[in-house]
Amino acid sequence: MLYNLYEYSHHTLGLHLWDLPTILVAVITVIVLIVHSHNQKKREDDFEEERRDKLEQLNKEAVDSLKA
């Protein structure tokens with residue numbers, strides 16, 4: 001069975017036997033990297049928004065304490 005797979009991939013597709021799993025791993029790796037970078041960008045945007053809100057709140061508290 002393994003020999004038939006070898007014959008098919010080598011003679012019909014023109015690939016070595018290890019090329020098919022390697023291509024599959026490469027595609028999965030690219031997909032994981034794309035998803036990870038998208039999620040990381042989302043986390044950074046959320047962090048930046050939260051930081052901006054906290055700074056505005058601290059600034060407002062500082063101005064209020066100076067007025068009082």
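A quick note: this is a predicted structure, and the numbers were derived from the prediction, not measured. Excluded from the calculations below are hydrogen atoms, water molecules and symmetry mates; all remaining heavy atoms, backbone and side chain alike, are included.
Shown here are the side chain to side chain contact (heavy atoms under 4.5 Å, CB included) partners of I28, two or more places apart in sequence or in another chain: L24, V32. Considering only residues two or more places apart in sequence or on other chains, L2 meets the side chain to side chain contact (heavy atoms under 4.5 Å, CB included) condition with L5, L17. Listed by chain and residue number, E61 satisfy the side chain to side chain contact (heavy atoms under 4.5 Å, CB included) test with Q57 (two or more places apart in sequence, or in another chain). Partners of Y8 under the ring pair (Phe, Tyr, Trp, His ring centres under 6.0 Å) rule, at least two apart in sequence or in another chain, do not exist in this structure. Looking at residues two or more places apart in sequence or on another chain, you find a side chain to side chain contact (heavy atoms under 4.5 Å, CB included) between E50 and K54. Taking the salt bridge (Lys or Arg N to Asp or Glu O under 4.0 Å) definition, one finds that D45 meets it with K41, sequence neighbours left out.
Looking only at distances, no side-chain donor or acceptor of T12 sits under 3.5 Å from a matching main-chain atom of S9.
Atom CG of L13 is separated from atom CG of D19 by 10.0 Å, given to the nearest 0.5 angstrom.
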Next item on the list: Given side-chain contact (heavy atoms from CB on, under 4.5 Å), test H38 with I34 step by step and report yes or no.
Entry: CA-CA 6 Å; H38 173 72; I34 290 171; 5.6 Å; no

Check: Checking salt bridge (Lys or Arg N to Asp or Glu O under 4.0 Å) for the pair R51/E48: CA distance, chi angles, key distance, verdict?
Finding: CA-CA 5 Å; R51 185 185 67 85; E48 185 66 28; 2.4 Å; yes

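Taking the six-membered ring for Trp and thresholds of 30 and 60 degrees, H16 and H10 have ring planes inclined between 30 and 60 degrees apart.
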